[in-house]
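Notes to accompany the following structure.
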Amino acid sequence: MALLTAENLTKHFTNAAVSGINLNLAKGEILCLLGPSGCGKTTLLRLISGLEIPDQGRVFLGGEEITRKPPHLRNFGLMFQDFALFPHKSVYANVAFGLEMQHQTDEVIKPRVMEMLELVGLSDLSRRNVGELSGGERQRVALARSLAPRPRLLMLDEPLGALDRSLRERLLIEIRDILKKLETTAIFVTHDQSEALAVADRVAVMNAGRLVQVDTPEKLYRHPGSIFVARFLGFDNLLDGKITSEGSIATILGRLTSDVMPPGLRSGDPVTVILRPEGARLADGPGEKKDQSRISGRILSRLFCGQYYRLTFSVDRSLSLTVHIPGESTPPDPGKEVDLVLRSSAITVIPKTDPNEENH
């Protein structure tokens, strides 16, 4: 049985903030709500937490309906981008706050607070005022405070948005490790694709108040189910194509093949082809056998990104592609003509069912 179940959750403000959301969350699972600003992520979080009451639909926790149960009776933890700490209190007092609200005794509070501070690496700062801490340290205090009362569900709303990228990446790993160590069930809200893919067991992509795809990070990245999801994940290499009688895809680049084809496609069906940027390599040389996965063009730009080079590759005046070439081999200079070989495992095919899909 799922720990948390949302059934047909709908909430209207001026427009529909969320519409017909159905979602299950297993015990110990980290689910990430991913989508652009205004897509309904935070509204869905507030409906689950009880801070908003749905116009339609129900919420269940462990089989018990909690749709109208007050937030303070749900034993949920909340962690926000702005930390929401008490600036006049010490680190210890901030972490102890939730336990005090549960009317726990000092004998229970002290070891639990120190356990949480040890977990987040702040046990030596327990008496320091939170105003003296760095942003990363304050975020660790917020996490420890949220976890101290042993919440049945922890909800994190853009928790790392106020931090710089290098600190976000470090804390992201720490947060996932801590949640997994404690077997804490969590919903993590973000608009950052890399955060979602790194922290989640499953990612739920939202657009215009609806869930458009729910999958593991690997499946979501390798097989986006719509043009919207592909573009939101940052894939720019999208081509029109048609299924051939042999089962390949006819495109402006020639005939391409994919390791995984959607079921039910027939010869002549229109599709969108996604070329993931890491799915290309420089051809070994003119002697390499040419096949349907080899394309020719000119390098427009070359950017060194450490582990890879980011190339803008012009096939003709109407089409350019972005590809990532492994950093151990230096590509030719911009302006040079090169051949690329595309891996079929990095080619995804999406059936064309709605010509305006990318706008919804």
Side-chain angles (χ1 to χ4, degrees), residues 34-36 165 169 190-198 203 205 207 212-213 215 217-242 248-260 270-284 288 290-350 352 357-359:
L34 174 66
R165 174 160 291 277
E169 290 174 352
T190 184
H191 64 275
D192 187 296
Q193 303 90 327
S194 60
E195 281 188 12
L197 297 177
V203 180
V205 183
N207 184 35
V212 294
Q213 187 172 351
D215 252 322
E218 294 85 356
K219 287 183 179 178
L220 186 73
Y221 182 83
R222 293 170 185 160
H223 304 289
S226 68
I227 295 173
F228 169 81
V229 173
R231 290 194 184 281
F232 191 74
L233 292 176
F235 297 136
D236 296 323
N237 303 328
L238 274 63
L239 308 173
D240 290 331
K242 281 190 176 182
S248 60
I249 312 109
T251 73
I252 191 174
L253 300 178
R255 292 194 175 188
L256 304 176
T257 58
S258 174
D259 284 358
V260 179
V271 295
T272 297
V273 179
I274 303 168
L275 307 177
R276 296 203 304 275
E278 75 278 10
R281 64 175 175 83
L282 294 172
D284 291 341
E288 181 176 316
K290 292 191 176 184
D291 59 26
Q292 59 192 12
S293 297
R294 180 168 173 148
I295 58 176
S296 300
R298 182 167 58 90
I299 297 176
L300 298 180
S301 66
R302 184 186 70 189
L303 180 66
F304 180 61
C305 300
Q307 293 182 341
Y308 63 89
Y309 286 90
R310 184 179 187 273
L311 301 184
T312 304
F313 178 84
S314 173
V315 180
D316 59 30
R317 291 184 179 181
S318 64
L319 177 65
S320 62
L321 304 174
T322 299
V323 296
H324 297 169
I325 301 299
E328 62 266 17
S329 57
T330 304
D333 294 331
K336 299 292 186 180
E337 299 286 334
V338 295
D339 287 349
L340 296 181
V341 176
L342 306 178
R343 295 202 316 271
S344 57
S345 60
I347 296 175
T348 299
V349 177
I350 300 175
K352 276 196 174 180
E357 178 188 12
E358 63 268 30
N359 298 319

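These numbers come from the heavy atoms of this one structure, side chains and all, not from hydrogens, waters or symmetry mates.
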(message) I'd like to know if the side chain of Ser258 and the backbone of Ile347 have a donor-acceptor N/O pair within less than 3.5 Å.
(response) yes
OH (Tyr308) and CD1 (Ile325) are apart, to the nearest 0.5 Å, by 12.0 Å
Would you call Phe235 and Pro224 a side-chain contact if the rule is heavy atoms closer than 4.5 Å? yes
Are the side chain of Ser296 and the backbone of Leu340 linked by a donor-acceptor contact shorter than 3.5 Å?
no
Looking only at heavy atoms, the pair that brings Val203 and Ala196 closest together is CG2-O, 3.8 Å
_For the backbone of Thr312 and the side chain of Arg302, can you confirm whether one donor and one acceptor N or O come within less than 3.5 Å of each other?_
no
What one should report as the nearest heavy-atom pair of Glu195 and Thr190 is OE1-OG1, 2.9 Å
Partner of Ile295 under side-chain contact (heavy atoms from CB on, under 4.5 Å), picked from Leu275, Val338, Leu253, is Leu253
Any heavy-atom pair between the side chains of Val229 and Leu220 that's under 4.5 Å?
yes
query: When you look at Val271 and Lys242, which way does the side-chain contact (heavy atoms from CB on, under 4.5 Å) test go after all the steps?
result: CA-CA 6 Å; Val271 295; Lys242 281 190 176 182; over 6 Å; no
Separation between OH (Tyr309) and CG (Leu282), nearest 0.5 Å, reads 11.0 Å
Would you say Leu256 and Ser248 make side-chain contact, with heavy atoms under 4.5 Å? no
d(Phe228 CZ, Leu233 CG) to nearest 0.5 Å is 9.0 Å
Scanning both residues in full, the closest heavy-atom pair of Thr251 with Gly241 reads CG2-CA, 4.2 Å
Side chain to side chain donor-acceptor pair (under 3.5 Å) filter on Ser194, not counting sequence neighbours, yields Asp192
> Is there a donor-acceptor pair closer than 3.5 Å between any side-chain N or O of Glu278 and the backbone N or O of His324?
Replying inline: no
Heavy-atom closest pair (Ala230 atom, Ile274 atom, distance to 0.1 Å) is CB-CD1, 3.5 Å
Hey, are the side chains of Tyr221 and Leu197 touching, using non-hydrogen atoms and a 4.5 Å cut-off?
yes
Item to complete: Would you check, one step at a time, whether the test side-chain contact (heavy atoms from CB on, under 4.5 Å) holds for Val341 with Asp339?
Response: CA-CA 7 Å; Val341 176; Asp339 287 349; over 6 Å; no
Rounding to 0.5 Å, atoms CZ (Arg276) and OG (Ser345) come to a distance of 6.5 Å
_For Val315 and Leu321: C-alpha separation, side-chain torsions, deciding distance, then whether side-chain contact (heavy atoms from CB on, under 4.5 Å) applies._
CA-CA 8 Å; Val315 180; Leu321 304 174; 4.1 Å; yes
Can any side-chain N or O of Arg310 pair as donor or acceptor with the backbone N or O of Ser301 at less than 3.5 Å? no
Look at the side chain of Asp240 and the backbone N and O of Pro270, then say whether any donor-acceptor pair between them is shorter than 3.5 Å.
no
Taking the basic N atoms (NZ, or NE/NH1/NH2) and the acidic carboxylate oxygens, is any pair closer than 4.0 Å for Arg231 and Asp236? no
Item checked: Side-chain heavy atoms of Val273 within contact of Thr348, under 4.5 Å -> no
**Asked** Between Leu311 and Pro277, is any pair of side-chain heavy atoms under 4.5 Å apart?
**Response** no
Value for NZ (Lys336) from CD1 (Ile299), rounded to nearest 0.5 Å, stands at 9.5 Å
**4.5 Å side-chain heavy-atom contact, Leu239 and Leu319** = yes
- Message: Apply side-chain contact (heavy atoms from CB on, under 4.5 Å) to residues Phe232 and Gln193 and explain how you reach the verdict.
- Response: CA-CA 8 Å; Phe232 191 74; Gln193 303 90 327; 4.0 Å; yes
Requested in this report: Please answer whether the main-chain N or O of Gly327 pairs with a side-chain N or O of Gln307 as donor and acceptor at a distance below 3.5 Å.
Outcome: no
